[in-house]
Trainee: 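Before we start, here is the structure in question, set down as structure tokens.
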Amino acid sequence: MAFVWLVSYPKSGNTWLRVLLSNYRRETLGSANLSEPLVGTQSHLSRHGFDEIMGFPSSDLSAEELAHYRNQYNALFIQKYPDTSFTKVHETYDGQYDVPTVFPSYDRCKVIYLARNPLDIAPSFAHHENCSIDEMVKHMADEKAMLRHGETSFSEHIGSWGRHVHGWTEQDALPVLTIRYEDMLTDPLDAFSRILDFSEISLDRSKLEKAIKASRFDALQAQERETGFVERPLVSTHFFRNGRSGTWEDILSDQQRDQILSDHGSTMQLFGYA
């Protein structure tokens with residue numbers, strides 16, 4: 001059975017995919033409860049989990065020492081989940097310091113990589129981080145950019161959008177299925193069918209159609225308003241905004257658009273974004 005890293009640059013549809021997976025794997029009908037953990041939580045980033053498995057506190061390690069141990073830790077972490085499992089990742093595949101990667105080559109491991117147009121990511125990520133779009137455009141081009149999760153979890157090195165995409169989609173140590181967020185929107189049945197097949201999960205078309213219906217953005221927005229969402233950052237007023245593609249045209253200035261194209265244009269062309 002497969003262990004699947006669900007990988008994306010932030011605000012590229014990772015959480016929506018996890019909602020779809022949660023709804024598909026539910027034994028009962030209806031939407032997954034957003035006030036409870038979804039499939040694929042980032043438990044591999046837990047300092048407590050690291051300390052427990054490795055037998056010594058991560059707080060005693062320097063950032064460089066920790067980078068060396070995390071590959072070993074992730075290999076042990078994977079062994080805890082013998083059944084088909086998913087874990088969300090925003091981190092770059094390329095490691096820091098002299099560590100090639102913190103993601104071990106393991107027979108069961110696979111990667112589903114979600115790509116999204118960076119022109120749409122910029123305003124969404126800015127809203128998520130409660131910062132200006134100009135600040136986010138710079139952040140998305142920063143090779144040293146980090147995603148911090150608080151004192152109890154490891155931070156993730158996300159780097160630039162282009163480095164993130166190339167690092168994961170061009171590595172050859174782990175099988176990878178690349179899915180564009182935009183294709184999930186336009187044809188979720190086809191995209192999710194490919195995801196299930198790649199993840200070695202049997203396809204039940206009727207069940208999948210119900211899971212897709214339960215995962216509509218209007219349904220998620222309504223549930224978030226009513227019960228909240230356990231993963232919503234404290235700095236954000238809401239997590240599920242609109243879920244559409246192409247909204248950047250009404251949001252970004254010409255200067256912001258041109259800067260993103262300058263920073264990432266060659267990579268965007270590979271995915272039909274420029």
Side-chain angles (χ1 to χ4, degrees), residues 1-10 12 14-15 17-18 21 25 37-115 142-179 195 198-201 231:
M1 295 183 177
F3 181 97
V4 184
W5 299 109
L6 299 177
V7 185
S8 71
Y9 192 82
S12 298
N14 203 311
T15 300
L17 172 56
R18 292 170 54 230
L21 285 167
R25 302 185 81 181
L38 298 171
V39 165
T41 58
Q42 293 183 288
S43 52
H44 70 298
L45 297 178
S46 166
R47 284 186 175 273
H48 174 74
F50 177 98
D51 298 351
E52 186 175 311
I53 288 179
M54 299 300 291
F56 52 85
S58 57
S59 58
D60 288 349
L61 303 175
S62 67
E64 185 172 356
E65 289 171 330
L66 182 60
H68 282 82
Y69 278 111
R70 281 191 60 208
N71 184 291
Q72 180 183 348
Y73 165 65
N74 280 337
L76 297 172
F77 173 83
I78 291 165
Q79 295 177 39
K80 290 175 56 181
Y81 302 95
D83 298 327
T84 301
S85 301
F86 299 91
T87 295
K88 173 182 176 178
V89 172
H90 284 320
E91 201 158 0
T92 57
Y93 179 78
D94 303 329
Q96 293 179 287
Y97 308 104
D98 61 344
V99 180
T101 182
V102 300
F103 298 95
S105 298
Y106 210 74
D107 290 342
R108 302 174 49 226
C109 284
K110 294 184 173 185
V111 174
I112 293 174
Y113 189 85
L114 298 180
D142 182 0
E143 298 296 353
K144 296 181 180 180
M146 301 291 292
L147 197 61
R148 305 190 187 281
H149 300 290
E151 295 181 359
T152 61
S153 298
F154 301 129
S155 297
E156 293 181 281
H157 172 231
I158 61 173
S160 69
W161 179 81
R163 173 181 177 176
H164 199 283
V165 172
H166 285 291
W168 278 105
T169 60
E170 295 176 1
Q171 59 80 27
D172 58 6
L174 300 169
V176 58
L177 171 68
T178 302
I179 299 284
I195 287 169
F198 182 77
S199 304
E200 303 172 24
I201 298 176
E231 296 183 23

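Every value quoted in this text rests on a predicted model; they were computed, and no experiment measured them.
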Trainee: For Glu151, I'd like to know if atom CD has over 12 heavy atoms of other residues, nucleotides or ligands within 6.0 Å.
Mentor: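 Atom CD in Glu151 is not packed in, count stays at 12 or less.
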Trainee: Should we say atom CG of Asp107 is surrounded by more than 12 heavy atoms from elsewhere, each under 6.0 Å from it?
Mentor: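 Counting neighbours around CG of Asp107, 12 or fewer heavy atoms of other residues, nucleotides or ligands fall under 6.0 Å, so no.
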Trainee: Output all residues satisfying salt bridge (Lys or Arg N to Asp or Glu O under 4.0 Å) with Glu200, sequence neighbours left out; order by chain, then residue number.
Mentor: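 Expected list: Lys110.
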Trainee: Could you go through the side-chain contact (heavy atoms from CB on, under 4.5 Å) check for Gln171 and Val176 one step at a time?
Mentor: CA-CA 9 Å; Gln171 59 80 27; Val176 58; 4.0 Å; yes
Trainee: For Arg18 versus Gly40, what's the shortest heavy-atom pair and its separation?
Mentor: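 That would be NE-O, 3.3 Å.
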Trainee: What verdict does the side-chain contact (heavy atoms from CB on, under 4.5 Å) test give for Tyr93 and Val7, after you've listed the backbone C-alpha separation in whole Å, the side-chain angles of each residue and the deciding distance to 0.1 Å?
Mentor: CA-CA 9 Å; Tyr93 179 78; Val7 185; over 6 Å; no
Trainee: Just by distance, do the side chain of Arg108 and the backbone of Met1 share a donor-acceptor pair under 3.5 Å?
Mentor: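 At least one qualifying donor-acceptor pair exists.
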Trainee: Please give me the minimum heavy-atom distance between Ala67 and Tyr97, naming the atom from each residue.
Mentor: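 That closest heavy-atom pairing would be CB-CD1, 3.8 Å.
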Trainee: Test side-chain contact (heavy atoms from CB on, under 4.5 Å) on Thr92 and Glu156; report intermediate values, then the result.
Mentor: CA-CA 8 Å; Thr92 57; Glu156 293 181 281; over 6 Å; no
Trainee: Do Tyr73 and Val102 come close enough that some side-chain heavy atom pair is under 4.5 Å?
Mentor: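 No, side chains not in contact.
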Trainee: Can you measure from CG (Leu21) to CG (Leu6) and round to the nearest 0.5 angstrom?
Mentor: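 The distance works out to 6.0 Å.
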Trainee: If you define the side chain from C-beta out and look only at heavy atoms, does anything of Thr152 sit under 4.5 Å from Ser46?
Mentor: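 No, side chains not in contact.
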Trainee: Give a yes or no on this: more than 12 heavy atoms of other residues, nucleotides or ligands lie within 6.0 Å of atom OH of Tyr69.
Mentor: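 Atom OH in Tyr69 is not crowded, with 12 or fewer foreign heavy atoms closer than 6.0 Å.
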Trainee: Is the closest side-chain heavy-atom distance between Val111 and Val4 below 4.5 Å?
Mentor: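 The answer is no, as the side chains (C-beta and beyond) never meet within the 4.5 Å cut-off.
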Trainee: Nearest heavy-atom pair of Ala2 and Ser199: which atoms, and what distance?
Mentor: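 Taking every non-hydrogen atom into account, CB-O, 3.9 Å.
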Trainee: Among all residues two or more places apart in sequence or in another chain, which pass the ring-ring contact (aromatic ring centres under 6.0 Å, His included) test with Phe103?
Mentor: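 Testing Phe103 for ring-ring contact (aromatic ring centres under 6.0 Å, His included), a comparison that skips the adjacent residues, returns Trp5, Trp168.
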Trainee: Can you find a pair of side-chain heavy atoms, one from Val165 and one from Tyr9, that are under 4.5 Å apart?
Mentor: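 The answer is no, as the side chains (C-beta and beyond) never meet within the 4.5 Å cut-off.
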Trainee: Under 3.5 Å, side-chain donor or acceptor atoms of residues 52-59 against the rest of the protein: list the pairs with distances, not counting sequence neighbours.
Mentor:
residue, atom, partner, partner atom, Å
Glu52, OE1, His48, NE2, 3.3
Ser58, OG, Arg47, NH1, 2.9
Ser58, OG, Asp51, OD1, 3.2

Trainee: Show me the pairs that pass salt bridge (charged side-chain N to carboxylate O under 4.0 Å, His left out) and involve residues 61-72, at least two apart or across chains.
Mentor: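 Residue pairs passing salt bridge (charged side-chain N to carboxylate O under 4.0 Å, His left out), neighbours aside: Arg70-Glu91.
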Trainee: Set out, in order, the CA-CA distance, both residues' side-chain angles and the distance that settles side-chain contact (heavy atoms from CB on, under 4.5 Å) for His90 and Ser8, then state yes or no.
Mentor: CA-CA 5 Å; His90 284 320; Ser8 71; 3.4 Å; yes
Trainee: Pairs under 3.5 angstrom only: tabulate donor-acceptor contacts from the side chains of residues 77-86 to other protein residues two or more places apart or in another chain.
Mentor:
residue, atom, partner, partner atom, Å
Gln79, NE2, Ala75, O, 3.4
Gln79, NE2, Tyr106, OH, 3.3
Ser85, OG, Asp83, O, 2.9

Trainee: Please answer whether the main-chain N or O of Ala115 pairs with a side-chain N or O of Ser12 as donor and acceptor at a distance below 3.5 Å.
Mentor: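 Not at all, since once roles are kept as given, no pair shorter than 3.5 Å links the two residues.
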Trainee: Heavy atoms, side chains only, cut-off 4.5 Å: are Asp94 and Pro100 in contact?
Mentor: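 SC-SC contact between Asp94 and Pro100 ruled out.
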Trainee: Which residues pass the side chain to side chain donor-acceptor pair (under 3.5 Å) test with Tyr113, not counting sequence neighbours?
Mentor: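 His164.
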Trainee: Check Leu174 against Pro104 and note the closest heavy-atom contact, atom names and distance.
Mentor: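 Here Leu174 and Pro104 meet closest at CD2-O, 3.7 Å.
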Trainee: Side-chain contact test, heavy atoms from C-beta onward, threshold under 4.5 Å: evaluate it for Leu17 versus Ile195 and give yes or no.
Mentor: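 Heavy-atom side-chain distance check passes, below 4.5 Å.
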